[in-house]
Amino acid sequence: MNTAMPLPRLENFIAPDGSNEQQQLLDGLRQAQASINPKYFYDATGCELFTRICELEEYYPTRTEAAIFERYAGDISAALASHAQWIDLGCGDCSKSRRWLKHITPARLIGVDIAGDFLQSCLADIASGHPDLECVGVVSDFTRHLDLKPLLSEDPFSPPVFFYPGSSIGNFVRPEALRLLRCIRQQCGRNGQLLIGVDLIKTPAVLEAAYDDALGVTAAFNLNILNVVNQLLSANFQPTCFTHRALYDSHQERIEMHLVARSAQQVQLGDSSVRTFSAGEHILTEYSHKYSITSFTKMLNEAGLRCTHLWTDPKIWFGVFLAEPCL
Ligand code: AVJ
């Protein structure tokens, strides 16, 4: 990399209230039904394990979405606004956006993620290969709050295109998913777009295998969240005292991941508080909601968006929706 190049601009949209984060984590653990927000999966180990999950035979979403993107790259590019302000929500290492840059030429790339340092180095790398692309990093927990208005230009010839791949929308319960879509709709202006990947409903056996693989990678990923919590709260969860469980709830149309206590135990949460778990009691760590084409199209409509295009795979396991504001 050319070290003389300035680093991409990094905007910090996170309110510096780490204590509030800790409090929310504590509140979740103290509830009768204990829960941990799935955003805590992704420490360095968690990110590595998630990469391995994406390569598993049983975990089809990542590769199915990638195949749709690849197969329809021409059609999708043709349907996307040109010279866009391309906003990658939860961009991670920006690898998915990077692949799109072979097909489209946005005016700006705005990568939004919680991990700031990592974000800046990934964007710097992209910027060095695309001198005409303005790269901006936004450090933000957009699952709680997303406001890019101060940053977005209102140039009608450079509309915002929100890119939200990977079926990450599935982590939200439906009212929260709707809230995020409405928030995106608001920031789309008149001629913005949303390109979103959504995992579709299929037989429970396929879904449950995807979240409980034979090699136990997902189990390790789920249990690792306890190490993250130990760090954040100076807690003393013992991962070996819990087991991974993934169940599909066909009424709620979602996978639920739990950590089940193997035996009765006490866990120290910081130095002032203890949480007891009885044998078989579980901590909820993740929802992964699944949609039908109809139910997701309807949710888009409720958010003031209309689906203009839909691309899917031969088994109709995954949907890539392109939507724009209803005017
Ligand atoms: C990153 C939220 C899309 O729900 O499939 C994978 C996370 N959890 N295996 C998903 C996940 C367990 C994933 N998302």
Side-chain angles (χ1 to χ4, degrees), residues 35-69 88-97 112-115 141-144 162-174 176-177 180-181 195-229 239 242-249 252-260 282-291 296 313 317-321:
S35 66
I36 304 171
N37 189 309
K39 71 183 175 194
Y40 294 114
F41 278 129
Y42 303 95
D43 70 340
T45 308
C47 288
E48 240 167 78
L49 287 166
F50 184 64
T51 304
R52 285 179 57 202
I53 287 175
C54 293
E55 293 161 2
L56 290 168
E57 188 58 42
E58 295 99 326
Y59 193 74
Y60 60 85
T62 310
R63 98 173 55 86
T64 309
E65 182 185 58
I68 297 168
F69 285 163
D88 187 333
L89 296 176
C91 58
D93 64 1
C94 285
S95 55
K96 291 184 185 179
S97 279
V112 186
D113 210 284
I114 353 186
D141 181 357
F142 68 89
T143 65
R144 285 172 64 181
F162 287 86
F163 178 50
Y164 195 27
S167 200
S168 294
I169 188 93
N171 273 167
F172 297 100
V173 292
R174 279 159 229 276
E176 292 295 306
L180 177 63
L181 291 174
L195 182 65
I196 183 169
V198 181
D199 197 17
L200 302 176
I201 295 166
K202 57 190 66 62
T203 57
V206 173
L207 287 166
E208 286 181 353
Y211 292 85
D212 193 6
D213 60 281
L215 290 173
V217 183
T218 308
F221 174 75
N222 196 11
L223 289 161
N224 180 62
I225 206 168
L226 296 177
N227 296 323
V228 179
V229 172
F242 288 83
T243 45
H244 165 69
R245 183 170 73 193
L247 289 175
Y248 184 64
D249 180 332
Q252 299 286 348
E253 300 175 326
R254 68 188 178 206
I255 285 281
E256 298 188 8
M257 291 215 311
H258 303 145
L259 290 167
V260 188
H282 68 268
I283 306 171
L284 172 69
T285 52
E286 185 170 47
Y287 288 140
S288 188
H289 290 81
K290 309 303 170 187
Y291 290 88
F296 196 73
D313 55 288
W317 275 9
F318 198 93
V320 172
F321 295 75

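As the structure lists them, so they are numbered: ligands from 1, and atoms in each ligand from 1. Numbering of residues begins at 1 and proceeds along the displayed sequence.
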Original post:
ligand 1 versus Tyr42, non-hydrogen atoms closer than 4.0 Å: side chain, backbone, both, neither?
Top reply: side chain
Subject >> Heavy-atom gap Phe41 to ligand 1 smaller than 4.0 Å >> reply: no
**OP:** Apply salt bridge (Lys or Arg N to Asp or Glu O under 4.0 Å) to Glu176 and Arg174, showing your working.
**Re:** CA-CA 5 Å; Glu176 292 295 306; Arg174 279 159 229 276; over 6 Å; no
Original post:
Are Phe221 and Tyr42 close enough that their ring centres sit under 6.0 Å apart?
Top reply: yes
**OP:** Give the numbers and elements of all ligand 1 atoms closer than 4.0 Å to a heavy atom of Asn171.
**Re:** 2 (C)
Original post:
Salt-bridged, Glu65 to Lys96, with N to O below 4.0 Å?
Top reply: yes
Original post:
Are the ring centres of Phe41 and Phe50 closer than 6.0 Å?
Top reply: no
Original post:
For ligand 1, which atoms sit closer than 4.0 Å to a heavy atom of Ser288?
Top reply: 4 (O), 5 (O), 10 (C)
Subject >> Shortest heavy-atom approach to atom 11 (C) of ligand 1 - which of Glu286, Lys290, Met257, His244 >> reply: Glu286
**OP:** Inspect the contact between Asp141 and Lys39 and indicate whether a charged nitrogen and a carboxylate oxygen are less than 4.0 angstrom apart.
**Re:** yes
Original post:
Looking at ligand 1, does Ser167 have a heavy atom less than 4.0 Å from it?
Top reply: yes
**OP:** Please list, chain by chain and in numerical order, all residues satisfying side chain to side chain contact (heavy atoms under 4.5 Å, CB included) with Asn171, sequence neighbours excluded.
**Re:** Pro38, Glu286
Original post:
So which protein heavy atom does atom 3 (C) of ligand 1 come closest to, and at what separation?
Top reply: Gly166 O, 3.0 Å
Subject >> Close approach, Phe172 and ligand 1, non-hydrogen under 4.0 angstrom >> reply: no
Subject >> ligand 1 N/O within reach of Tyr59 N/O, cut-off under 3.5 Å >> reply: yes
**OP:** Mind checking side chain to side chain contact (heavy atoms under 4.5 Å, CB included) for Tyr60 and listing every partner two or more places apart, or none if nothing turns up?
**Re:** Arg63, Thr64, Asp199, Lys202, Val206, Leu207, Ala210, Trp317
